[in-house]
Amino acid sequence: MKDFLRDQLLQALAALQRNGSVPADIPTAFVIERTRSKDHGDFAANAALLMSKAAGMKPRDLAQALVAALPASSQVAKVDIAGPGFINFFLSPAAYRAEVRTILALGAACGRTGSGEGRKAQIEFVSANPTGPLHVGHGRGAAVGDCLARLLQATGWDVTREFYYNDAGQQIANLALSTQARARGIGPDDAGWPADGYRGDYITDVAQAYMAGETVHADGQDVTGAKDPDDLDALRRFAVAALRREQDLDLRAFGVEFDVYYLESSLYTDGKVEETVQQLIAAGHTYEQDGALWLRTTEFGDDKDRVMRKAQGGYTYFLPDIAYHVTKWQRGFGRVINEQGADHHSTVMRVRAGLQALDIGIPKGWPEYVLHQMVTVMRDGEEVKLSKRAGSYVTLRDLIDEVGRDATRWFLAARKSDSQLTFDIDLARTRNRENPVYYVQYTHARICRVREKFAEQGWTWNRDNGLAALERLDTAYDQDMMAAIARFPEIVEIAARNLEPHLVATYLTELAAAFHTWYDNSHILVEDADLRDARFALAEAARSVVANGLDLLGVSAPESM
RNA sequence: GCGCCCGUAGCUCAGCUGGAUAGAGUACCGCCCUCCGAAGGCGGUGGUCGGGGGUUCGAAUCCCUCCGGGCGCGCCA
């Protein structure tokens with residue numbers, strides 16, 4: 001509809017230019033947006049405001065001229081000029097009805113567009129190292145990352161979900177040592193406990209499984225415990241597999257699945273790291289100093305140069321990072337989005353700088369980043385900091401067990417990722433209007449219940465009859481409801497474009513409010529079959545939008561609650 | 001000290017990349033079930049958009065500055 005109205009205005013403008021009342025070469029940038037208030041119609045355009053100077057006319061005069069030149073349309077009932085020179089469009093009832101028909105016809109496809117044109121996009125998220133259960137921060141990453149993937153898929157991108165992890169560095173060495181200590185019966189406060197060891201109870205479970213010779217399956221491999229506490233390498237392999245498996249179980253419980261798991265160690269064994277170093281040297285952006293090899297990242301906006309190869313040998317972490325991103329580029333991902341915690345924001349500049357230094361045609365702003373801020377968990381008005389299993393942090397599993405998958409996903413994705421997030425466990429468990437998840441899901445359940453009631457009354461919903469009788473829906477409630485569902489495709493497009501999944505949650509809450517108001521004032525199961533079928537057609541369209549919106553968030557749409 | 005993010009009703013948060021009188025929920029005060037789920041709906045009270053400058057027809061939104069809070073500033077990952 002926005003595009004249609006834009007086109008109408010451009011036609012009007014062209015007409016004015018032809019008859020000479022407006023210069024032919026003025027810039028035509030303007031915005032058409034949903035109005036905030038019904039008094040201003042359905043859509044407003046600021047064209048006259050923005051172009052008045054170039055046109056040499058007062059905004060309201062220009063608006064007047066544009067409106068007079070607008071082509072006639074059955075979609076538009078009325079056009080007003082308001083305020084400083086806004087052009088307000090009031091849609092016709094026919095246009096509203098057409099929206100309902102479209103939504104019902106599209107069903108599950110409603111809200112989907114082809115703007116991505118099937119291009120390849122990769123979203124890397126979670127990417128937790130296998131040193132412990134996933135914490136709430138990872139949960140936020142999982143929720144936001146997965147919603148981004150769903151949004152991009154809905155807008156026509158060919159999306160790959162990828163999880164990158166380090167299976168060989170210092171943290172993993174600490175994991176092996178911690179597991180070894182537990183296998184020998186040494187606790188975190190005993191003599192002989194490794195410095196920087198992982199203190200959580202889960203290490204004990206891993207050690208016991210290792211000593212019992214259990215087999216764990218993770219990332220396509222079976223690893224069996226060697227039962228030998230002296231074999232550090234076997235301990236490491238087993239512990240990594242055990243924790244990867246545990247993380248996968250958490251992610252599955254959260255409804256998140258990855259297409260690719262990428263191991264940092266493979267970058268070394270495949271020679272990608274060494275290859276990247278040689279390319280950077282050849283590109284001329286490196287130098288040696290104090291026995292180390294440096295990359296001149298300052299040439300690409302960094303505030304200081306970075307060491308690539310340490311004086312003692314070995315690479316710093318950011319070199320495999322660059323090599324890894326080169327593989328993403330080589331795998332044909334013209335678009336890559338990295339979803340990470342904001343505590344890693346300093347790597348953004350460095351990764352991009354390293355990729356620019358390679359001079360292999362990677363665009364400057366590639367990859368894109370979505371960073372999320374910290375999560376604090378509250379219960380009974382107090383911050384929750386510990387979990388039994390992990391000790392020092394609250395795990396994603398804790399939240400899922402306590403409030404369920406749907407509420408966890410909703411709350412972790414429903415806030416702007418730029419903002420710190422307070423996860424209120426009590427609110428998430430509430431089953432009433434206060435809790436947006438239940439409020440929205442309740443919309444869906446209520447509509448499903450009406451469908452059952454049809455049968456109980458001995459009626460069946462005649463869809464075609466309902467669509468034919470849509471003009472019976474002539475109240476202000478009907479109109480508001482139709483306007484609310486018609487916004488959905490725009491919301492999906494904006495949320496995908498801005499990489500802001502929370503917009504979907506905000507919209508769904510507003511939609512649910514609109515529905516409940518409509519529902520309370522529009523009894524569906526009336527004797528008049530035309531009216532009954534028409535009303536349920538609108539309800540069914542709303543149900544479809546709610547279901548599709550919830551699906552974008554990875555939240556279920558229950559038929560009863 | 002430097003960089004990034006945040007500051008909107010008592011509380012939790014929206015505000016569609018500059019638009020019209022700043023919106024929801026909650027809390028507080030009222031009202032609505034012989035009727036499809038009251039797990040709901042309708043009113044009312046509540047704001048110097050952290051402070052101060054600037055840019056322009058127009059600023060919660062953009063720029064500068066200050067104040068608060070968070071996160072980063074390793075030859076750790």
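Keep in mind it's a predicted model, so treat the numbers as computed, not measured. Residue numbering restarts at 1 for every chain, and letters A, B, ... go by the order of the sequence lines.
- Across the C1' atoms, B/C5 and B/A9 are found 24 Å apart, a figure rounded to whole Å.
- Here the closest heavy-atom approach between residue A/Leu427 and residue A/Phe411 is recorded as CD2-CE2, 3.9 Å.
- With ring centers used as reference points, A/Phe515 lies under 6.0 Å from A/Tyr519.
- A glycosidic torsion no more than 90° from 0 defines the syn conformation; B/C11 lies beyond that range and is anti.
- B/C11 and B/G43 have their P atoms separated by 25 Å, with the value rounded to a whole Å.
- Using the six-membered ring where Trp is involved, A/Phe163 and A/Tyr261 have ring planes that are tilted, between 30° and 60° apart.
- Within the nucleic acid shown, A/Asn129 comes within 4.0 Å of sugar-phosphate atoms alone, with no base atom in reach, counting heavy atoms only.
- Contact of A/His345 with B/G3 (side chain to base): a donor-acceptor pair of N or O atoms is detected under 3.5 Å.
- With C1' as the reference atom, B/G19 and B/A59 are 9 Å apart, rounded to whole Å.
- Between B/C29 and B/G46, the two C1' atoms lie 12 Å apart (nearest whole Å).
- Note on A/Arg449: every side-chain N or O is 4.0 Å or more away from OP1 and OP2 of B/C36.
- Taking atom C1' in both B/U65 and B/C71, the straight-line distance is 23 Å, to the nearest Å.
- Between A/Tyr324 and the choices A/Tyr165, A/Tyr268, A/Tyr262, the ring-ring contact (aromatic ring centres under 6.0 Å, His included) rule is met once, by A/Tyr262.
- A cation-pi arrangement, defined by a distance under 6.0 Å to the six-membered ring centre and an angle within 45 degrees of its axis, is absent between A/Arg309 and A/Tyr315.
- Here A/Thr517 reaches the OP1 or OP2 of B/C42: one of its side-chain N or O atoms lies under 4.0 Å away.
- Of the possible donor and acceptor atoms, one in the side chain of A/His138 sits under 3.5 Å from a partner among the backbone N and O of A/His135.
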| request: List the protein contact pattern of nucleotides 10-18 of chain B with one symbol per nucleotide (5' to 3'): B for base contact, S for sugar-phosphate-only contact, - for none; contact means a heavy-atom distance under 4.0 Å. | output: --SSSSB--
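- Taking atom P in both B/G51 and B/C76, one finds a spacing of 45 Å when rounded to whole Å.
- Anti is the glycosidic conformation of B/U12, whose angle departs from 0 by more than 90°.
- Comparing the P positions of B/A27 and B/A22 gives an interatomic distance of 25 Å, to the nearest angstrom.
- Here, B/G47 and B/U8 have their P atoms 15 Å apart, quoted to the whole Å.
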